[in-house]
Chemist: 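Got a structure for you, questions after.
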Amino acid sequence: MRIILIGPPGAGKGTQSQHLAQSLGISHISTGEVLRQEVAANTTLGQSAQRFISHGRLVPDEIIFEIIEHRLNQPDCTGGFLLDGFPRTLDQAKQLHIFLEKHGLQLDGAIELQVESAELLRRLSARKRADDQLEIIHERIATYHRVTEPMLDYYLGMNYLQTINGMGTMDTVFERLCAAVNSLPKRRSSSVAYAK
Ligand code: AMP
């Protein structure tokens with residue numbers, strides 16, 4: 001399966017994605033995680049990305065797509081993948097679509113996790129990540145509403161979008177997530193392997 005998980009910072013995408021990818025036997029790809037590794041390793045890419053991450057802004061699409069294209073071409077992705085934190089802009093969504101089409105593939109669905117703002121703030125304030133300081137949290141949430149939410153219409157228009165309630169315990173949300181995955185319309189993808 002090829003699924004994307006969309007939601008504001010603090011919606012639980014990371015935890016739920018890991019869990020879901022494992023239960024579906026597909027690769028979990030988090031662009032935020034890849035970026036944090038690049039930052040920690042102090043690579044050129046990490047240095048460029050850090051300037052945006054530390055202000056709660058989105059890293060430019062070109063950098064993100066380079067990461068994603070490289071990652072999706074790895075052999076472990078041929079069996080399917082769960083994208084966590086990508087796409088986050090309409091352009092990224094369109095680029096992903098072009099990439100998949102080029103390889104005769106399509107998404108199975110896009111799942112949106114909805115969580116109330118007060119709960120997002122509560123969850124993010126309890127974490128210890130460098131970009132989880134209050135000012136940066138506000139910027140990241142605002143960026144989500146301004147830039148990422150409009151992308152939802154793109155997936156809605158293609159009948160890919162399922163929205164679920166992300167409030168509640170991890171187990172409750174996971175049950176809803178599994179139900180949403182099971183109710184995704186069955187789509188046909190060509191069997192062409194896309195690595196090379
Ligand atoms: P996350 O771990 O998904 O919350 O991502 C942490 C930070 O990495 C975000 O606040 C952005 O600065 C950056 N980032 C992650 N994914 C993307 C993406 N698809 N597009 C742009 N920036 C991203």
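Read the numbers this way: they start at 1 and go in the same order the structure lists the ligands and their atoms.
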Chemist: Does the residue K13 have a heavy-atom contact with ligand 1, meaning some pair of atoms that are separated by less than 4.0 Å?
Modeler: no

Chemist: Give me the residue, atom name and distance of the protein heavy atom closest to atom 22 (N) of ligand 1.
Modeler: V59 N, 3.0 Å

Chemist: Between I53 and ligand 1, find which residue part has any heavy-atom pair under 4.0 Å and reply side chain, backbone, both or neither.
Modeler: both

Chemist: Could you report the tightest heavy-atom contact between E139 and H55, atom names first, then the distance?
Modeler: CG-O, 3.2 Å

Chemist: Could you tell me, atom by atom, which parts of ligand 1 come under 4.0 Å of a heavy atom of R129?
Modeler: 1 (P), 2 (O), 4 (O), 6 (C)

Chemist: Report yes or no: do Y155 and E112 form a side-chain donor-acceptor pair below 3.5 Å?
Modeler: no

Chemist: Have a look at D84 and tell me which of Q16, H28, K13 forms a side chain to side chain donor-acceptor pair (under 3.5 Å) with it.
Modeler: H28

Chemist: If we ignore angles and hydrogens, is there a donor and acceptor under 3.5 Å between the side chains of Q95 and D61?
Modeler: no

Chemist: Would E38 and T43 count as having a side-chain donor-acceptor pair, cut-off 3.5 Å?
Modeler: yes

Chemist: In the protein, what heavy atom is nearest to atom 16 (N) of ligand 1, and what distance, to one decimal place, separates them?
Modeler: T31 OG1, 2.8 Å

Chemist: Please state which protein non-hydrogen atom is closest to atom 19 (N) of ligand 1 and give its distance, to 0.1 Å?
Modeler: G85 O, 2.9 Å

Chemist: Is there a polar contact, in the sense of an N or O pair closer than 3.5 Å, between R36 and ligand 1?
Modeler: yes

Chemist: In terms of residue, atom name and distance, what is the protein heavy atom nearest to atom 1 (P) of ligand 1?
Modeler: R88 NH2, 3.6 Å

Chemist: Mind checking whether R51 contacts ligand 1 via backbone (N, CA, C, O), side chain (CB onward), both or neither, at a 4.0 Å heavy-atom cut-off?
Modeler: neither

Chemist: Work out which heavy atom in Q92 is nearest to a heavy atom in F86; give both atom names and the distance.
Modeler: OE1-CD1, 3.3 Å

Chemist: What residue and atom, counting heavy atoms only, is the protein's closest point to atom 10 (O) of ligand 1, and at what distance?
Modeler: R140 NE, 3.8 Å

Chemist: So which protein heavy atom does atom 11 (C) of ligand 1 come closest to, and at what separation?
Modeler: R57 O, 3.6 Å

Chemist: Can you tell me which residue and heavy atom of the protein come closest to atom 23 (C) of ligand 1, and the distance to 0.1 Å?
Modeler: I64 CD1, 3.8 Å

Chemist: Check this for me - ligand 1, G56, N or O atoms closer than 3.5 angstrom, yes or no?
Modeler: no

Chemist: Take every heavy atom of E33, measure it against each atom of ligand 1, and state whether any distance is under 4.0 Å.
Modeler: no

Chemist: If I compare all heavy atoms of F65 with all of L96, which pair ends up nearest, and what's the gap?
Modeler: CE1-N, 3.8 Å

Chemist: Measure the distance from atom 14 (N) of ligand 1 to every protein heavy atom, then report the residue, atom name and distance (to 0.1 Å) of the closest one.
Modeler: L35 CD1, 3.5 Å

Chemist: I need the minimum non-hydrogen distance between T78 and P75, along with the two atoms involved.
Modeler: OG1-O, 2.7 Å

Chemist: Checking side chain to side chain contact (heavy atoms under 4.5 Å, CB included) between P9 and each of L120, L124, V115, which is the one that passes?
Modeler: L124

Chemist: Check ligand 1 against Q92 and write out every atom of the ligand that is under 4.0 Å from a heavy-atom position of the residue.
Modeler: 18 (C), 19 (N), 20 (N), 21 (C)

Chemist: For P8 versus L113, what's the shortest heavy-atom pair and its separation?
Modeler: CD-O, 3.5 Å

